[in-house]
Amino acid sequence: MIPKSHPRYESLMKREKIIEGFKKGIVAHAGLIAHGRGETFDYLIGERSEDFALEAEKVAVAKMLLAKNAVISVNGNVTALAAKEVIELADNIGAKIEVNLFYRTEERIKKIVEEFRRLGKDILGEEPDAKIPNLEHSRALCTKDGIYSADVVLVPLEDGDRTKALRDMGKFVITIDLNPLSRTAQTANITIVDELTRAVKNMIDFAKNMNVEEAKKEVEGYNNYTILAKSLEHIKKRLENLSMELQSSSGLKT
Ligand code: PTJ
């Protein structure tokens, strides 16, 4: 049991959820590594939702509210960390949910579908009937009603190739990725540089307080390159400040 008073309680609880998801067969082996990489970037960001994240989250919600067929793609890590919150977001913006795995096995697909069903939601993806063009491998599998025909897709913690393949299909792609340098972050139309659970919770709040007219205004003038640049600038400043603090302490005896 991790005490709530522990300074790294939130982070450690997320780690526990990933481990639990791994034990249940929901999270892939590589999902443990992917989570660690995310933790590193979250450490550099300061483990809070910064302005560049909040702006991207708001516009992402607006875009999904205005979509004809918005789909949220879920994988093992997303299911383990935030299945409940993803359902709440989907219900608030009228989006479908579809499971799509990088390390696809029918067993994991089934477990993820069951996990969502246990939480009261039927999701797409168990019986794929379409393929994302120009993408080798079973991660191209999807459904006609879901990702294949979607105009807007939210792909949190996604692989760069699939993001590009979705963009090549003409889709508007939104991602949540703590690493602003990843290929997905650089390829998506909207990159939310924030931790998944924090991001989805913020998006639920935005969705609850936005109507269609407001959504139309929100999407005007958004620039993803500016958002990515701001996130890198933020990390750079934090490192500079921390380094300066250490330098000014360097004369002190430890
Ligand atoms: O369940 P599967 O088979 O679909 O596999 C899922 C993973 C995540 C293992 C797979 O897609 C993968 O290998 O992803 P990558 O290429 O490691 O990319 C994941 C990205 O998400 C990295 O840039 C991480 O920094 C980032 N990330 C990890 N955890 C979080 C995160 N971003 C936001 N919130 C997190 N909690």
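Read the numbers this way: they start at 1 and go in the same order the structure lists the ligands and their atoms. What you see is a predicted model, and the numbers here were worked out from it, not measured in a lab. Throughout, numbering of the chain's residues begins at 1 and tracks the sequence.
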- request: Before signing off on this row, confirm whether Arg108 and ligand 1 have an N or O atom pair separated by under 3.5 Å.
  value: yes

query: Between Glu107 and Thr105, does any side-chain donor sit less than 3.5 Å from a side-chain acceptor?
result: no

statement: A student checking ligand 1 against Asn179 at a 4.0 Å heavy-atom cut-off should list atoms 23 (O), 25 (O)

- prompt: Is Leu196 close to ligand 1, meaning an N/O of one under 3.5 Å from an N/O of the other?
  reply: yes

message: Under 4.0 Å between a side-chain nitrogen and a carboxylate oxygen: does that hold for Asp205 and Lys201?
response: no

task: Could you check atom 32 (N) of ligand 1 against the protein and tell me its nearest heavy-atom contact, residue, atom and distance included?
output: Leu178 N, 3.2 Å

Element-labelled atoms of ligand 1 that are located less than 4.0 Å from some non-hydrogen atom of Asn75: 1 (O), 2 (P), 4 (O), 6 (C)

- prompt: Should the pair Arg117-Glu114 be classified as a salt bridge under the 4.0 Å nitrogen-to-oxygen rule?
  reply: no

query: Are Lys236 and Glu233 close enough for a salt bridge, meaning some N to O gap below 4.0 Å?
result: yes

query: Is any N or O atom of Asn77, backbone or side chain, closer than 3.5 Å to an N or O atom of ligand 1?
result: no

message: Could you see if Val74 belongs to whatever hydrophobic cluster contains Ile109? Use Ile, Leu, Val, Met, Phe, Trp, Tyr and a side-chain cutoff under 4.5 Å.
response: yes

- prompt: Any idea which atoms of ligand 1 are less than 4.0 Å away from a heavy-atom of Leu81?
  reply: 36 (N)

- prompt: Looking at atom 26 (C) of ligand 1, is any protein heavy atom nearer than 4.0 Å to it?
  reply: yes

- prompt: Which heavy atom of the protein is the closest neighbour of atom 3 (O) of ligand 1, given with residue, atom name and distance?
  reply: Tyr103 N, 2.9 Å

- request: May I ask you to check if ligand 1 and Phe102 share an N or O to N or O distance below 3.5 Å?
  value: yes

message: Geometry only, no angles: is Arg104 polar-contacting ligand 1 at N/O separations under 3.5 Å?
response: no

query: Between Arg162 and Ser73, is any side-chain donor less than 3.5 angstrom from a side-chain acceptor?
result: yes

query: Among Ile112, Leu157, Ile18, Leu32, whose heavy atom sits nearest atom 14 (O) of ligand 1?
result: Leu157

message: Suppose we measure from atom 18 (O) of ligand 1 to each protein heavy atom; which comes out shortest, and what is that distance?
response: Glu158 O, 4.0 Å

- prompt: What are the atoms of ligand 1, with element, lying closer than 4.0 Å to any heavy atom of Gly31?
  reply: 9 (C)

query: Hey, are Ser49 and Asn202 close enough side-chain-wise for a donor-acceptor pair under 3.5 Å?
result: yes

message: For atom 23 (O) of ligand 1, which of the options Asp177, Ile176, Val193, Asp194 provides the nearest non-hydrogen atom?
response: Asp177

statement: Looking only at protein heavy atoms, what sits closest to atom 28 (C) of ligand 1 is Ala34 O, 3.1 Å

message: Using a 4.0 Å cutoff against the non-hydrogen atoms of Arg37, which atoms of ligand 1 qualify?
response: 15 (P), 16 (O), 17 (O), 25 (O)

field: Residue and atom name of the nearest protein heavy atom (relative to atom 36 (N) of ligand 1), distance in Å to one decimal
entry: Glu195 OE2, 2.9 Å

- prompt: Any salt bridge between Glu106 and Arg104, counting N to O under 4.0 Å?
  reply: yes

- prompt: Between Glu240 and Arg238, is the closest basic N to carboxylate O distance under 4.0 Å?
  reply: no

message: With a 4.0 Å cut-off on N to O distance, would you call Glu115 and Lys111 a salt bridge?
response: no

field: Under 4.0 Å to a heavy atom of Gly76 - the qualifying atoms of ligand 1, by number
entry: 1 (O)

message: Less than 4.0 angstrom from a charged side-chain N to a carboxylate O is my criterion; do Glu39 and Lys14 meet it?
response: no

message: One thing to verify: whether Asp145 and Lys96 come together as a salt bridge, which I'm taking to mean a side-chain N less than 4.0 angstrom from a carboxylate O.
response: no

query: Going by the atom numbers of ligand 1, which of them fall below 4.0 Å from some non-hydrogen atom of Leu101?
result: 1 (O), 3 (O), 4 (O)

